[in-house]
Amino acid sequence: MYAESVAISIGSQSSLSALACDPGQTRGRRFAEPAAPTRNAFQRDRDRIVHSTAFRRLVYKTQVFLNHEGDLFRTRLTHSLEVAQLGRSIARALGLNEDLVEAVALAHDLGHTPFGHAGQDALNECMAAHGGFEHNLQSLRVVDQLEERYPAFDGLNLSFETREGVLKHCSRANAEHLDRTEPGGVGRRFIDRTQPSLEAQLCNLADAIAYNAHDIDDGVRSGLISMGQLQEVALFAHYHQQTLNEHPALSEKPRRLLYETIRRMLSDQVYDVIDTTRHAVARAGVQSADEARLAGPLVAFSADMKARTAELKKFLFASLYRHPQVMQTTGQAQQAVRELFAAYVARPAEMPADFAAGADLHRAVADYIAGMTDRFALREHERLTGRKLL
């Protein structure tokens, strides 16, 4: 009895909306476990994620710039932390479950390959005839199967609501496969065309807000994009001018000017999401978390902010992600992934025994490569091919 009362007092969040996911009403875990005495279900999920091997690996996985290109650029780990911070701030204002938002944010990139989207694209190409590769589905695979920490089950055995948020995208074919193995589970909404929890919707948007902001910072720091170029983008230009109007001395301190511009841009995006979501929820008239799942997307930008954010994203795609210097590195990274894949398929014994013994060799190779950090992948590539690419 004492343990239960501690769990309630420590594990509850004040001012939780009726639309929030309640950890006391979770749809549960795939393998039943006794409740933790001092943590609710979503707090327990978060802790399992933070202590996982896959989470630690994120520190050496690319966001935009490879690890060797500088110590201060974002990695998948710092990106995930920024998503969690933004997500919790928004969740608190909306009365959504902060612990669930944090768990989803910290886990959403666990399945990402080395070398960012370049690595994912190369691995998907290698797996084209074997079911393909998609990092959101791989993140679910990591938390459901690939982590090996507990004696009674594979994976982390997270709650349904956290797993639902991790699976951000899913093709119809993959959803049907998931539903065959877990009827009515996390794949079902992609078949029924319903929405995930509001917390999961929020994490999707916090992800976009975070990477647009930090990619501006990293892009300017790298010298690949300039403040002058960014002033052609309406969203950035507005807050840049606003900052200079209030702090004209910052014209002589470009780094502080950039930080303050990004801070204001982030804040207004957060406020916009909060206000827009509140209005959308009121219009929909939903009264519970389950009703919210049936109401269509509710967590969103206003039309104006969505358009301005899309313009920024388009600029970053053209000027940063497709910059010749980034593309050169991207090409070499993709070559490394393709050649690693071919080498392991030809010589499975080069992988650890657990992967080499897998019934589906191609999927085992994809799992092994996806779990690599950038620098380990490059070391393995050099070991297996005798060539150094980066």
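Computation of the quantities below employed the complete heavy-atom set of this structure, encompassing side-chain atoms and omitting hydrogens, waters and symmetry-equivalent molecules. This chain uses plain numbering: 1 for the first residue, then up along the sequence.
Taking every heavy atom of both residues into account, Ile49 and Ala103 meet most closely at CD1-O, 3.3 Å.
One side chain, Asn157 or Glu33, offers a donor N or O that lies under 3.5 Å from an acceptor on the other. Between Asp215 and Tyr321, the side chains place a donor N or O and an acceptor N or O closer than 3.5 Å (distance only, hydrogens not considered). Using modelled atom types, one finds no donor on one side chain facing an acceptor on the other under 3.5 Å when comparing Ser139 with Asn136. No side-chain N or O of Asp154 forms a donor-acceptor pair with one of Gln145 less than 3.5 Å apart. For the residue pair Ser89 / Gln85, a side-chain donor-acceptor distance below 3.5 Å is found, with atom types taken as modelled. Looking only at atom types and distance, the side chain of Asp109 has no donor-acceptor partner in the side chain of Ser80 under 3.5 Å away. In the model, Arg189 has no side-chain atom that pairs as donor or acceptor with a side-chain atom of Gln195 under 3.5 Å. For the residue pair Asn97/Glu161, the side-chain donor-acceptor check at 3.5 Å is not satisfied. Looking only at atom types and distance, the side chain of Glu260 has no donor-acceptor partner in the side chain of Tyr239 under 3.5 Å away. Side-chain contact annotation: Asn124 with Gln120, donor-acceptor N/O pair under 3.5 Å absent.
At a threshold of 4.0 Å, the pair Arg188-Glu164 does not count as salt-bridged, since none of the basic side-chain nitrogens sits closer than that to a carboxylate oxygen. With salt bridges taken as basic N to acidic carboxylate O contacts below 4.0 Å, one links Arg387 and Glu339. Ion pairing of Asp272 with Arg308 is absent here, as no side-chain N (NZ or NE/NH1/NH2) approaches a carboxylate O to less than 4.0 Å. With salt bridges taken as basic N to acidic carboxylate O contacts below 4.0 Å, none links Glu382 and Arg379. Between Asp217 and Arg255, at least one side-chain nitrogen of the basic residue sits less than 4.0 Å from a carboxylate oxygen of the acidic one, meeting the salt-bridge criterion. Using a cut-off of 4.0 Å between Lys/Arg side-chain N and Asp/Glu carboxylate O, Asp207 and Lys168 are scored as salt-bridged. The pair Asp144-Arg141 does not meet the salt-bridge criterion, since no charged nitrogen lies less than 4.0 angstrom from a carboxylate oxygen. Note on Asp374 versus Lys61: no salt bridge recorded, every NZ/NE/NH1/NH2 to OD/OE distance being 4.0 Å or above. Ion pair Glu311/Lys314 not flagged as a salt bridge, since none of the NZ, NE, NH1 or NH2 atoms sits closer than 4.0 Å to an Asp/Glu carboxylate oxygen.
A heavy-atom distance below 4.5 Å is found between the side chains of Leu86 and Val270.
The aromatic rings of Phe153 and Phe31 sit parallel to each other, their planes meeting at less than 30°, with 60° as the upper class boundary.
The environment of Arg383 atom CZ is dense: over 12 non-hydrogen atoms of other residues, nucleotides or ligands sit within 6.0 angstrom. The number of heavy-atom neighbours closer than 6.0 Å to CZ of Arg149, taken from other residues, nucleotides and ligands shown, is above 12.
Here the rule is salt bridge (Lys or Arg N to Asp or Glu O under 4.0 Å) with Glu182, and of Arg163, Arg29, Arg27 only Arg163 fits it.
Remark: Leu110 CG to Leu140 CG distance equals 10.5 Å, nearest 0.5 Å.
Ring to ring, His108 and His79 are close: their centroids are under 6.0 angstrom apart.
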